[in-house]
2 protein chains.
Amino acid sequence: MPFSGKISPLTIQRLSLYLRVLKEYAAMGKVAASSGEIAEATVSTAAQVRKDLSYFGSFGKKGQGYNIDELIEAIEGILGLDRRWKVALVGLGKIGQSLIQFKEFGQIGFDFVAIFEKDPEKIGKSFNGIPIYHIDEMPRVCEEETILIALVAVPAESSEEVFQRVLDAGIRGILNLSGRCCFKPPPHAFIKNVNVAAEIESLSYYLTHF
Amino acid sequence: MPFSGKISPLTIQRLSLYLRVLKEYAAMGKVAASSGEIAEATVSTAAQVRKDLSYFGSFGKKGQGYNIDELIEAIEGILGLDRRWKVALVGLGKIGQSLIQFKEFGQIGFDFVAIFEKDPEKIGKSFNGIPIYHIDEMPRVCEEETILIALVAVPAESSEEVFQRVLDAGIRGILNLSGRCCFKPPPHAFIKNVNVAAEIESLSYYLTHF
DNA sequence: TTATAATTGAGATAAAATTCACAAAAGCAC
DNA sequence: GTGCTTTTGTGAATTTTATCTCAATTATAA
Ligand SMILES: NC(=O)c1ccc[n+]([C@@H]2O[C@H](COP(=O)([O-])OP(=O)(O)OC[C@H]3O[C@@H](n4cnc5c(N)ncnc54)[C@H](O)[C@@H]3O)[C@@H](O)[C@H]2O)c1
Ligand SMILES: NC(=O)c1ccc[n+]([C@@H]2O[C@H](COP(=O)([O-])OP(=O)(O)OC[C@H]3O[C@@H](n4cnc5c(N)ncnc54)[C@H](O)[C@@H]3O)[C@@H](O)[C@H]2O)c1
């Protein structure tokens with residue numbers, strides 16, 4: 001990958017959005033798009049789109065904009081989406097079940113290959129064709145399957161312990177849906193928190209004051 | 001509310017986190033906490049915590065930190081959580097069902113009072129005691145019930161149309177789980193996007209490059 | 001071939017967010 | 001009461017992020 005230096009996480013998030021609209025454009029048969037169009041579609045600005053892309057290279061043609069297929073390929077390369085990733089789910093509760101059935105993960109290159117639980121009722125069975133293991137088996141299974149990413153959807157009370165076990169199993173990327181957003185990963189690992197409760201509290205703030 | 005001027009959305013998000021740890025502290029019987037403790041627990045810094053709070057007033061005592069009960073009350077006031085909010089769900093699919101059953105919304109002051117669907121199989125019944133209406137009834141029901149916040153969990157294809165209908169029904173705060181993050185609300189309305197697909201793509205980036 | 005229009009890429013500038021640094025409390029011990 | 005320790009609140013400095021501007025490039029049409 002021909003780039004160096006620290007890139008803002010905000011840039012990375014926006015690249016995901018750009019990629020989404022570019023794929024829609026491609027599906028519509030569109031061949032080129034300008035930074036202005038991409039910005040319009042992602043509630044951003046043309047300058048922001050160009051700046052974000054410029055950290056990684058020059059992908060456009062002056063006067064013409066960006067070739068959509070080329071830019072999709074470039075962004076997929078940047079984001080590491082030019083491959084498939086094996087993913088584990090930890091905690092097959094209500095939210096875990098809906099995540100497993102969520103089609104888009106597969107479409108963007110992420111495959112669930114293992115579910116980890118502590119409930120003896122669930123262990124040994126499978127859900128949507130994916131085997132359910134005891135959480136104690138995580139180190140073995142993750143190594144055998146080379147799983148590097150886990151979605152954690154256990155109750156907040158268990159999450160601290162589960163994060164530690166997940167890291168001990170060799171997982172380096174955690175998508176945390178447990179509601180507990182206060183875990184600091186070691187330097188070689190990464191965590192992304194998704195917290196609908198906090199989001200709805202923000203809405204409350206804006207409705208109260210504006 | 002004794003404050004004015006524009007507050008960063010990042011500050012608002014962090015206030016939610018501070019509130020969470022403060023409530024935990026309160027449940028543990030703790031009486032006071034310093035900015036350093038709160039920072040430690042929320043993966044922030046002491047200066048950041050103090051700065052965030054200082055936009056809204058002085059809630060601490062020099063040398064002593066913050067009284068936990070007082071600070072909880074202050075933050076709840078700031079975020080508009082010193083009341084209950086009625087909330088609608090639009091789209092009772094897999095993710096919608098798990099959101100309805102998600103206990104924490106009730107604990108922090110948000111009550112689901114209506115579900116809107118377009119599937120005739122579901123309409124007229126109820127889920128978890130909450131009535132399911134046809135989406136055409138949204139304007140009437142939202143007015144009668146004074147619902148101002150909606151969680152949108154319909155498929156991405158329908159989301160554009162649904163956003164418009166939700167706004168037309170008088171909703172002013174949208175928590176969008178549809179995966180389509182490109183909707184620009186009118187000035188009097190607010191949207192918060194939650195997108196697990198984009199989050200997992202960020203993880204891919206970090207695992208690829210670090 | 002030459003003007004015309006569109007749009008990129010990037011340096012300069014501006015704005016926003018975070019961190020620093022320290023005087024001003026506030027409690028505590030003696 | 002005096003001195004010591006802790007920790008806030010905040011202006012200033014710094015760092016980060018976003019926006020602005022415009023020369024350079026490309027296609028197109030006259
Ligand atoms: N349901 C939602 O819509 C929703 C939304 C946002 C966040 N969340 C959060 O997601 C988490 C799970 O929510 P849910 O509604 O799916 O709860 P749930 O109780 O339905 O499911 C939790 C699952 O985790 C398993 N589990 C518990 N401890 C475990 C451990 N140590 N190791 C492995 N598995 C373990 C349980 O056996 C259970 O199957 C909660 O923290 C909740 O705050 C849920
Ligand atoms: N399942 C997940 O874990 C998950 C995670 C993240 C995001 N999402 C997103 O959430 C959305 C819903 O996902 P899901 O898995 O629940 O899908 P789903 O198909 O199970 O449910 C969608 C529901 O929305 C209803 N619906 C469709 N159009 C409607 C309309 N115009 N008005 C009212 N209701 C309508 C359908 O009848 C259905 O009940 C998708 O866009 C998906 O990308 C899902």
Side-chain angles (χ1 to χ4, degrees), chain A residues 2-18 21-22 25 30-75 78 184 202 205, chain B residues 2-18 21-22 25 30-75 78 184 202 205:
Chain A
F3 67 92
S4 57
K6 216 183 90 292
I7 304 293
S8 162
L10 297 168
T11 291
I12 302 305
Q13 286 180 209
R14 283 189 297 262
L15 288 179
S16 270
L17 300 189
Y18 305 156
V21 311
L22 289 167
Y25 287 164
K30 209 160 144 57
V31 293
S34 69
S35 55
E37 279 178 88
I38 299 171
E40 170 78 22
T42 56
V43 196
S44 184
T45 66
Q48 182 75 77
V49 172
R50 294 203 300 276
K51 181 63 82 179
D52 284 337
L53 293 172
S54 76
Y55 296 128
F56 302 96
S58 314
F59 307 106
K61 264 214 194 72
K62 300 194 180 186
Q64 305 311 113
Y66 301 88
N67 175 284
I68 287 171
D69 288 340
E70 277 171 34
L71 190 54
I72 287 175
E73 193 160 353
I75 296 180
I78 293 164
K184 183 172 179 162
S202 290
Y205 169 80
Chain B
F3 66 91
S4 56
K6 214 182 89 293
I7 304 292
S8 162
L10 298 169
T11 290
I12 301 306
Q13 286 181 209
R14 284 190 297 264
L15 288 180
S16 269
L17 300 189
Y18 304 157
V21 312
L22 289 166
Y25 287 165
K30 209 160 144 57
V31 178
S34 68
S35 55
E37 280 179 86
I38 299 171
E40 170 77 22
T42 56
V43 196
S44 183
T45 65
Q48 183 74 80
V49 171
R50 294 203 299 278
K51 181 65 82 179
D52 285 337
L53 293 172
S54 76
Y55 297 128
F56 302 97
S58 317
F59 307 106
K61 265 213 195 72
K62 300 194 181 188
Q64 306 309 114
Y66 301 88
N67 175 286
I68 287 171
D69 288 341
E70 277 170 34
L71 189 53
I72 287 175
E73 193 161 351
I75 296 179
I78 293 163
K184 183 173 180 160
S202 290
Y205 169 80

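In what follows, every chain begins at residue 1, and chains take the letters A, B, ... in the order their sequences are listed.
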*Starting from the C-alpha separation in whole Å, work towards a yes-or-no answer on side chain to side chain contact (heavy atoms under 4.5 Å, CB included) for B/E73 and B/F59.*
CA-CA 10 Å; B/E73 193 161 351; B/F59 307 106; over 6 Å; no

*Check the pair A/R50 / A/Y66 against side chain to side chain contact (heavy atoms under 4.5 Å, CB included), numbers first and verdict last.*
CA-CA 10 Å; A/R50 294 203 300 276; A/Y66 301 88; 3.6 Å; yes

*Passes side chain to side chain contact (heavy atoms under 4.5 Å, CB included), B/Y18 versus B/L71? Steps please.*
CA-CA 9 Å; B/Y18 304 157; B/L71 189 53; over 6 Å; no

_Assess the residue pair A/F56 and A/I7 against the criterion (side chain to side chain contact (heavy atoms under 4.5 Å, CB included)); give the C-alpha distance rounded to whole Å, side-chain angles, the decisive distance to 0.1 Å, and a yes or no._
CA-CA 9 Å; A/F56 302 96; A/I7 304 293; 3.8 Å; yes

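Atom-to-atom, CD of A/Q13 to P of D/dT16 comes out at 18 Å; the value is rounded to the nearest Å. Nucleotide C/dT18 holds its C1' atom 12 Å from the NZ atom of A/K6, rounded to whole Å. We find that CD1 of B/I38 is positioned 12 Å from P of D/dT7, with the value rounded to whole Å. One can place CG of A/L53 at 14 Å from P of D/dA18, the figure rounded to the nearest angstrom. What separates CD of A/Q48 from C1' of C/dG9 is a distance of 14 Å, to the nearest Å. Rounded to whole Å, atom C1' of C/dA10 lies 11 Å from atom OH of A/Y55. Going from atom CZ of B/F59 over to atom C1' of D/dT8 covers 13 Å, rounded to whole Å. If you measure from atom CD1 of B/I12 to atom C1' of C/dA17, you get 14 Å, rounded to the nearest angstrom.
DNA chain C lies under 4.0 Å from at least one heavy atom of each of the following residues of residues 61-72 of chain B: B/K61, B/K62, B/Q64.
Nearest approach of A/I75 to A/L15, heavy atoms of both residues: CG2-O, 3.8 Å. A/A41 and A/Y25 make their closest contact through CB-OH, 3.5 Å (heavy atoms, listed as atom of the first residue, atom of the second, distance). Taking all atoms of both residues into account, the shortest heavy-atom contact from A/S44 to A/V49 is OG-CG2, 4.4 Å. Contact record, B/I68 with B/L22: CG2-O, 3.5 Å, taken as the closest heavy-atom pair. Pairing each heavy atom of A/I12 with each of B/S202, the nearest pair is CG2-OG, 3.8 Å.
Each end of the helix from C/dT1-D/dA30 to C/dC30-D/dG1 gets its own axis, taken as the rotation carrying the C1' atoms of four end pairs onto the next four within a five-pair window, and the two axes meet at 10° to the nearest 10 degrees.
Here D/dT21 is the nucleotide among C/dT19, D/dT8, D/dT21 with the atom lying nearest to any side-chain atom of A/R50.
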When you compare the protein's N or O atoms with those of nucleotides 11-13 of chain D, which come within less than 3.5 Å of each other, and at what distance?
unit_1	atom_1	unit_2	atom_2	d
D/dG11	O6	B/K51	NZ	3.4

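A/T11 comes within contact range of no nucleotide atom at all, as no heavy-atom separation falls under 4.0 Å. Within 4.0 Å (heavy atoms only), A/L10 reaches sugar-phosphate atoms of the nucleic acid but no base atom.
The structure places OG of B/S8 at 12.5 Å from NZ of B/K51, a figure rounded to the nearest 0.5 Å. Remark: A/L53 CG to A/I38 CD1 distance equals 6.5 Å, nearest 0.5 Å.
Salt bridge status for A/K30 with A/E37: present, with a side-chain N to carboxylate O gap under 4.0 Å.
Considering only side-chain N and O atoms, B/S8 lies under 4.0 angstrom from the phosphate OP1 or OP2 of C/dA17. Phosphate contact (OP1/OP2 of C/dT8, side-chain N/O of A/S35, threshold under 4.0 Å): present. Proximity of A/R14 to the phosphate of D/dA18: a side-chain N or O atom is located under 4.0 Å from OP1 or OP2.
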